[in-house]
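Fair warning: this is a prediction, and the values are worked out from it, not measured in the lab. Just so you know, these numbers use all the heavy atoms, side chains as well, and skip hydrogens, waters and symmetry mates.
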Amino acid sequence: MSKRIYTFGNGQAEGRSDMKNLLGGKGANLAEMNLIGVPVPPGFTITTEVCTEYNQKGKEAVVELINEDVKKAVAHIESIMGTKFGDPENPLLVSVRSGARVSMPGMMDTVLNLGLTDKAVEGIAQKSGNPRFAWDSYRRFVQMYGDVVLGMKPKSKDDIDPFEEIMDEVKEQKGIVNDTELSVEDLKLLVKRFKAAIKERTGNDFPDCPWEQLWGAICAVFDSWMNERAIYYRRMNQIPEEWGTAVNVQAMVFGNMGNTSATGVAFTRDAATGEDIFNGEYLINAQGEDVVAGIRTPQQITTEGSRRWAKLQGISEEERASKYPSLEESMPACAKDLIETQQKLENYFKDMQDLANP
C-alpha cells in the first residue's frame, strides 16, 4: 500500500520539496524547511492521492482507511509538543490547511486553534495564566470553524457575515472599536452567541469533541476540491481533477498572547518592486489573517522598510518611530530570528541554483 501520511517536525521530515505532486505545495515545502533547519511547527500532511480516493470511495471509506494513520500522526505532534490532543488540562491545538500542488482559488480557508472545547479553554487559560488569550483563541476557532467547515459564510459580497454582525453588535454595546479591546467576559459572550447562531442556522450543536472537529476539517478540505469555484478554476486553467489537494495539520503557535507576540508575513524579495530586499509586515497581539484583513494597520518588520513605508504615507520619522516602529526596533530578538531564517532560505535557494547550473 502507498504511504498516505507524511510527518515533519524537530528538523526531520518524511517528505521533501520535490514531492509537490504528492504533498502539495505547502506540505512539500514544510517538509523541506524542516530539513534545512527552519523552525516551523511540527505536523503532518495527508497526500493528494487520498483526496482522489475520497472522491472515488466516499467520506466514510476514506476516514476508516486513514483513521489509524491520523492517530499516529497526531501522536507524533504530541510527542514533540509535550501536549495531548483532547486533554482538558494540557491540550494540543492544531491548524488545518489545504494545499494543492498549484495555488487555487476556491479551496478551504485555514482553521486555527482546532481542539479547543468548553473544558480545554479553561485548561489553556490556567496553563498560560492568560484567560483573555484562551477565550480570544476560542472565539476565533468557533468563528473560523463555523465559517469554513460548517458553511456559515456569506454567499455574496452583499450578504452580511453572521459572525461579524454579532461582533459588531457587541463592540457597539461596549463602545469599543478594536477586537483587542474585548474583555474576557465579552469574548465568552461572543463564543456563546456564535454557538447559538450555528445551532440556529445549521440545526446542529457546535462539536465539542476534538476528534470530531479534526475529521470535520479534514473532510472539508477534500470537499473544497470539488466545490463550484474550484471546479470552474480548474476548467479555466486545464488543471486535472485527479490532482487533488493535500491536507496539512500543524501544531499551533500563538500571536495573540499579548503585546509580546505577533502574526505577520515575510518575503525574501520586495513584492512590489522585485528588489532583493528582505521585507514583511507584522501585527502585535493578532493571529492568522489579521495582518492582511485591514482591521488594524500592520507595521513593517525591518526599519528600512518602515522608513520607506512612512515616506510613501507622508509620515514624519518622529511619528513613525513612536507610532509605527519596526519589528527590529520593538522586538529585536524576534527580528534577528526572522533575518537568520531568511538567510537560511537564501542559502538553500543558492545551493539549488548551483546544483541546477553546475
Atom pair [atom1] ([X]) and [atom2] ([Y]), whose distance is rounded to the nearest 0.5 Å:
| X | Y | atom1 | atom2 | result |
| --- | --- | --- | --- | --- |
| R234 | E241 | CZ | CD | 5.5 Å |
| L189 | E185 | CG | CD | 9.0 Å |
| N279 | D270 | CG | CG | 5.0 Å |
| T48 | K20 | OG1 | NZ | 12.0 Å |

Any chance CD of E340 has more than 12 other-residue heavy atoms, nucleotides or ligands included, within less than 6.0 Å?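 Above 12, so yes.
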
Quick check on Q126: does its CD atom have over 12 non-hydrogen neighbours (other residues, nucleotides or ligands) under 6.0 Å away?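 12 or below, so no.
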
What residues form a salt bridge (charged side-chain N to carboxylate O under 4.0 Å, His left out) with E169, not counting sequence neighbours?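 E169 satisfies salt bridge (charged side-chain N to carboxylate O under 4.0 Å, His left out) with R193 only.
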
Taking C-beta and beyond as the side chain, do [X] and [Y] meet within less than 4.5 Å on heavy atoms?
| X | Y | value |
| --- | --- | --- |
| V74 | K84 | no |
| E242 | N55 | no |
| Q299 | L327 | no |

Kindly state whether the ring of F206 and the ring of F141 have centres lying under 6.0 angstrom apart.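 So the answer is yes for these two rings.
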
Which atom pairs, donor and acceptor, lie under 3.5 Å between side-chain atoms of residues 307-316 and protein residues at least two apart or in another chain?
unit_1 : atom_1 : unit_2 : atom_2 : d
R308   : NH2    : E275   : OE2    : 3.0
S316   : OG     : E319   : N      : 3.1

